[in-house]
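As C-alpha cells, the structure follows; a few thoughts come after it.
Because only heavy atoms are used, hydrogens play no part in the values below, and waters and symmetry mates are left out as well, while side chains stay in.
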Amino acid sequence: MALPHAASGEMIPLQRPEDDIANFTSIALVRTDTLELIRLVMPKDKEMPVHQVPGEVTLLCLHGELVCDAHGRSTSLRPGQMLYLLGGVPHGIRPTEDAIGLLTILRKPGPAGPVNVAP
C-alpha cells in the first residue's frame, strides 16, 4: 500500500510532537515526477550509509544535529542550517544526537531508478 503524499496547497507538519523520537518516523511527504520531499527522522544511533542519487539534494536540519559526509569532508548542520549537493555526489548522513531534517531531491522526469548505495 502506498503512503499518501501531501496534495497541492495542503499544510505539512515537519516538527515532531513532544513524544519520543523513536515513535516519529521518516516519511515521503511529497513525491512528483520532478520533486521528492522527505521528513528524515534519525535517532542518534542510526546512520544513512554513503549513497548517491541522480538529482540535486538539499538537507535542512530542523532538530538536533546532522552530519553530512560528502566531497571528502564532514559538514555539521544545526537547526535552521541547510546543505546543497549536486546530483550524483556520494554522501552519507549521520546524527550526533536525535535529529530531524527535511530532505529535498530534484528528480529527473521519467521512471525512478534505484538509489545506489556504496558497498
Side-chain angles (χ1 to χ4, degrees):
M1 179 175 135
L3 293 172
H5 297 117
S8 179
E10 182 178 354
M11 188 275 298
I12 304 171
L14 295 176
Q15 294 287 18
R16 70 183 178 100
E18 293 305 314
D19 63 345
D20 182 22
I21 196 169
N23 296 320
F24 196 63
T25 60
S26 295
I27 185 171
L29 302 166
V30 174
R31 186 178 174 113
T32 69
D33 288 343
T34 58
L35 176 71
E36 187 166 5
L37 296 175
I38 300 167
R39 181 185 63 209
L40 187 64
V41 177
M42 299 188 76
K44 182 180 178 179
D45 58 352
K46 180 182 177 185
E47 286 189 16
M48 182 182 294
V50 174
H51 64 285
Q52 62 190 39
V53 295
E56 289 84 0
V57 173
T58 65
L59 176 61
L60 171 64
C61 183
L62 299 171
H63 174 86
E65 182 177 22
L66 292 167
V67 177
C68 183
D69 299 312
H71 295 289
R73 63 182 177 271
S74 297
T75 302
S76 178
L77 301 173
R78 300 292 297 171
Q81 296 178 322
M82 187 168 83
L83 180 71
Y84 164 75
L85 296 173
L86 286 170
V89 171
H91 61 281
I93 302 170
R94 54 190 164 86
T96 60
E97 58 188 272
D98 291 347
I100 300 172
L102 177 64
L103 184 64
T104 303
I105 304 169
L106 296 179
R107 298 161 40 91
K108 306 294 182 192
V115 173
N116 298 320
V117 177

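Across Pro43 and Pro95, no two heavy atoms sit closer than the pair O-CG, 3.2 Å.
Contact check for Leu35 versus Leu106: side-chain heavy atoms found under the 4.5 Å cut-off. Within the 4.5 Å cutoff, the side chain of Leu85 has no heavy atoms near those of the Leu59 side chain. When side chains are defined from C-beta on, Leu62 does not count as touching Pro79, because their heavy atoms never get closer than 4.5 Å. Looking only at side-chain heavy atoms (C-beta outward), Val67 and Thr96 come within less than 4.5 Å of each other.
A donor-acceptor pair is defined here as one N or O able to donate and one able to accept, closer than 3.5 Å; such a pair exists between the side chain of Ser26 and the backbone of Val41. Distance alone, capped at 3.5 Å, is enough to place a donor-acceptor pair between the Asp98 side chain and the Lys44 backbone. In terms of modelled atom types and a separation under 3.5 Å, the side chain of Arg107 and the main chain of Thr32 share a donor-acceptor contact.
Taking the side-chain hydrogen bond (donor to acceptor under 3.5 Å, both in side chains) definition, one finds that Glu97 meets it with Arg78, sequence neighbours left out.
With values rounded to the nearest 0.5 angstrom, Cys61 atom SG is found 11.0 Å from Met42 atom CE. Atom CG of Leu102 is separated from atom CG of Leu60 by 5.5 Å, given to the nearest 0.5 angstrom. Atoms OG1 and CG, from Thr58 and Leu103 in turn, are 7.0 Å apart once rounded to the nearest 0.5 Å.
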Let me see the working for Val89 and Val57 under side chain to side chain contact (heavy atoms under 4.5 Å, CB included), right down to the final yes or no.
-> CA-CA 9 Å; Val89 171; Val57 173; over 6 Å; no
Evaluate the side chain to side chain contact (heavy atoms under 4.5 Å, CB included) criterion for residues Val50 and Asp69: first the C-alpha distance (whole Å), next the side-chain angles of each, then the deciding distance (0.1 Å), finally the verdict.
-> CA-CA 8 Å; Val50 174; Asp69 299 312; 5.6 Å; no
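Sorted by first then second residue, the ring pair (Phe, Tyr, Trp, His ring centres under 6.0 Å) pairs that include residues 81-104, not counting sequence neighbours, are His51-His91.
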